[in-house]
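So you know, we letter chains A, B, ... as the sequences are listed, proteins then strands, and number each from 1. Note that these values count all heavy atoms, side chains included, but never hydrogens, waters or copies made by symmetry. If you're wondering where the values come from, they're calculated on a predicted model, not measured in any experiment.
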Number of protein chains: 2
Amino acid sequence: MSKTETRKDEIIRVAARLFKEKGYSAVTMRDLAAEMGIKAASLYNHINSKQDILDEIIINLAEAFTAGMKEIQTSDQSCIGKLKEIIELHVKLSSQNIYGMASLNNDWMHLTEKRAYYKKLRTDYEDDFRHILEEGITSGEIINEKPEVMMFSILTTLRSLYIWIPKKEDLDLKELTTSLHQILITGINK
Amino acid sequence: MSKTETRKDEIIRVAARLFKEKGYSAVTMRDLAAEMGIKAASLYNHINSKQDILDEIIINLAEAFTAGMKEIQTSDQSCIGKLKEIIELHVKLSSQNIYGMASLNNDWMHLTEKRAYYKKLRTDYEDDFRHILEEGITSGEIINEKPEVMMFSILTTLRSLYIWIPKKEDLDLKELTTSLHQILITGINK
DNA sequence: TGAATAAACTAACAAGTGTTAGTTTGAAAT
DNA sequence: ATTTCAAACTAACACTTGTTAGTTTATTCA
């Protein structure tokens, strides 16, 4: 299925790692080239611009989240069940794209032509998320607290997983998912 | 008490706002000067370097969090009570330093001489936080879940408040604190 | 009035920026 | 053996970067 990694893919993968460490603006094409073991000009045999690298990293990931949310929306799960699926989606995509998640969270403002599109994807995602919470309140599954604050709390935790996952060497993702479900939904007090 | 804002303070305040919008590396001294209505070279009558601006923003805030935590540690509250105080601390400092919080979260890696000191403050803060959770587990106040995951979940939410607070125009901070206490500690399910 | 001071200015610098043009290399395919 | 082609190279460009030096301006205080 998935083709072997092209040189372009490799450049984008290495770039994402550097972007996570220093941020998009602080990474120069010469930094990236050095990391690849080549000269800066050689990068342009494979990519069109520095901007294109960022676009590809962010848009690919944002669309993956959108696709995941669309699938969850059409599932026949309860509200709490859907929330659990959202947690699973974030754990999966974050653990598979540790470096890309940093750009998604911190460097989206450096998008240019693609920025409006990215923001629409993000807004739609949040609207879908909020809607699930509102249904849960109506059906009595979850507490009658402001959906906005609940969403903010859960979503910022999930969006920050990329910071935290790589620090835990002995990390079982299934176990992490269970813990997050417990903590984010059931709470921590006895 | 608090002196009237000096020109230096004003520069740092405006810089923090620009750093939040574009990140430290993407803000040039000419950007900052233009925002102040002066020329870039004139900034150097008041500050020593771009680096110094970042240092001041981040270290001041990090030390404020440390001071707050030290006070909470010595309070005679229960574990849950201390957690509530931590939430209050974050709501207070975040709402008072919306722009600075962005640098604290996203631009600390651009510290140079001060980076080690910053990281120590952050590590100590997290150790103190974790210790409170561990005591709560021992005393039976909170569930026996991994303290690391609980701390991560609560702390990333609190650290992201700066993103979210300015978006809500009709925001009562007391009300926000109550909501966060409910959601982060008691959970969202009925 | 004259001195002092804060805060702006112009001009310039050395280094670094993303990117382009044209060329060379080395291996695979004919 | 010759052609093809991906992928590297050198050299250079126009522009931007943080910062310094030296100077001017306007206000405050003796």
Side-chain angles (χ1 to χ4, degrees), chain A residues 2-59 99 103 106-115, chain B residues 2-59 99 103 106-115:
Chain A
S2 59
K3 290 269 184 68
T4 49
E5 190 182 55
T6 66
R7 196 75 168 128
K8 177 179 176 180
D9 294 336
E10 196 182 349
I11 289 171
I12 291 172
R13 179 170 53 81
V14 171
R17 174 162 55 82
L18 297 186
F19 291 170
K20 189 204 170 198
E21 285 163 15
K22 307 171 61 178
Y24 174 74
S25 302
V27 175
T28 71
M29 296 304 276
R30 285 164 180 83
D31 290 338
L32 175 53
E35 201 74 10
M36 297 287 300
I38 60 177
K39 301 285 167 158
S42 306
L43 294 168
Y44 290 83
N45 286 317
H46 309 281
I47 53 102
N48 293 318
S49 65
K50 187 186 179 191
Q51 183 70 62
D52 276 5
I53 298 176
L54 185 68
D55 291 354
E56 192 136 340
I57 292 170
I58 291 182
I59 299 299
Y99 303 127
S103 297
N106 304 322
D107 284 321
W108 61 265
M109 73 278 275
H110 298 118
L111 294 175
T112 53
E113 295 103 24
K114 298 276 172 66
R115 189 164 64 231
Chain B
S2 57
K3 290 271 184 66
T4 50
E5 190 183 53
T6 65
R7 196 74 169 129
K8 177 179 176 180
D9 294 336
E10 196 184 350
I11 289 172
I12 291 172
R13 180 170 52 80
V14 172
R17 175 162 54 80
L18 297 186
F19 291 169
K20 188 203 172 200
E21 285 164 15
K22 307 171 60 178
Y24 174 74
S25 301
V27 175
T28 71
M29 296 303 276
R30 285 164 181 83
D31 290 338
L32 176 53
E35 201 74 8
M36 297 289 299
I38 60 178
K39 300 285 169 159
S42 306
L43 294 168
Y44 290 83
N45 286 317
H46 309 281
I47 51 103
N48 293 320
S49 65
K50 188 187 178 190
Q51 183 70 64
D52 276 6
I53 298 176
L54 186 68
D55 291 355
E56 193 135 339
I57 293 170
I58 291 182
I59 299 299
Y99 303 127
S103 297
N106 304 321
D107 284 322
W108 61 267
M109 73 278 275
H110 298 118
L111 294 175
T112 53
E113 295 103 27
K114 298 275 171 68
R115 189 163 66 232

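The side chain to side chain contact (heavy atoms under 4.5 Å, CB included) search around B/R13 returns B/E5, B/E10, not counting sequence neighbours. For the side-chain hydrogen bond (donor to acceptor under 3.5 Å, both in side chains) test, no residue two or more places apart in sequence or in another chain qualifies with A/R30. Partners of B/S42 by side-chain hydrogen bond (donor to acceptor under 3.5 Å, both in side chains), not counting sequence neighbours: none found. Taking the side-chain hydrogen bond (donor to acceptor under 3.5 Å, both in side chains) definition, one finds that B/R115 meets it with nothing, sequence neighbours left out. Listed by chain and residue number, A/K22 satisfy the salt bridge (charged side-chain N to carboxylate O under 4.0 Å, His left out) test with A/D31 (two or more places apart in sequence, or in another chain). With sequence neighbours excluded, the residues forming a ring pair (Phe, Tyr, Trp, His ring centres under 6.0 Å) with A/F19 are A/Y24, listed by chain and number.
Distances were taken from every side-chain heavy atom of A/H46 (C-beta onward) to each of D/dG18, C/dT19, D/dA7; the shortest belongs to D/dA7.
Between the P atom of D/dA6 and the CD1 atom of A/I11 lies a distance of 15 Å, rounded to the nearest Å. As rounded to whole Å, 5 Å separates atom P of C/dG18 from atom NZ of A/K50. One can place OH of A/Y44 at 16 Å from C1' of D/dA8, the figure rounded to the nearest angstrom. Residue B/M36 contributes atom CE, which lies 14 Å from atom C1' of C/dA6 at whole-angstrom precision. C/dA15 atom C1' lies 11 Å from atom CZ of A/R30, rounded to whole Å. Between B/E10 atom CD and C/dA7 atom P there is a gap of 10 Å when expressed in whole angstrom units. If you take CG of A/L32 and P of C/dT19, they are 11 Å apart, rounded to a whole angstrom. For the pair B/D52 CG and D/dT19 C1', the interatomic distance rounds to 13 Å; values are reported in whole Å.
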Distances for protein N or O near nucleotides 9-11 of chain C N or O, under 3.5 Å:
from	atom 1	to	atom 2	distance (Å)
C/dC9	OP2	B/K39	N	2.6
C/dC9	OP2	B/S42	OG	3.0

What's the verdict on side chain to side chain contact (heavy atoms under 4.5 Å, CB included) for B/E35 and B/V27, showing C-alpha distance, side-chain angles and the deciding distance?
CA-CA 11 Å; B/E35 201 74 8; B/V27 175; over 6 Å; no

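Phosphate proximity of D/dA8 to A/R7: present, with a side-chain N or O under 4.0 Å from OP1 or OP2.
The closest donor-acceptor contact from the side chain of B/Q51 to the backbone of B/H110 lies under 3.5 Å.
At a non-hydrogen distance threshold of 4.0 Å, B/V27, B/T28 from residues 17-28 of chain B come into contact with DNA chain D.
For residues 31-51 of chain A, no pair satisfies ring pair (Phe, Tyr, Trp, His ring centres under 6.0 Å), with sequence neighbours left out.
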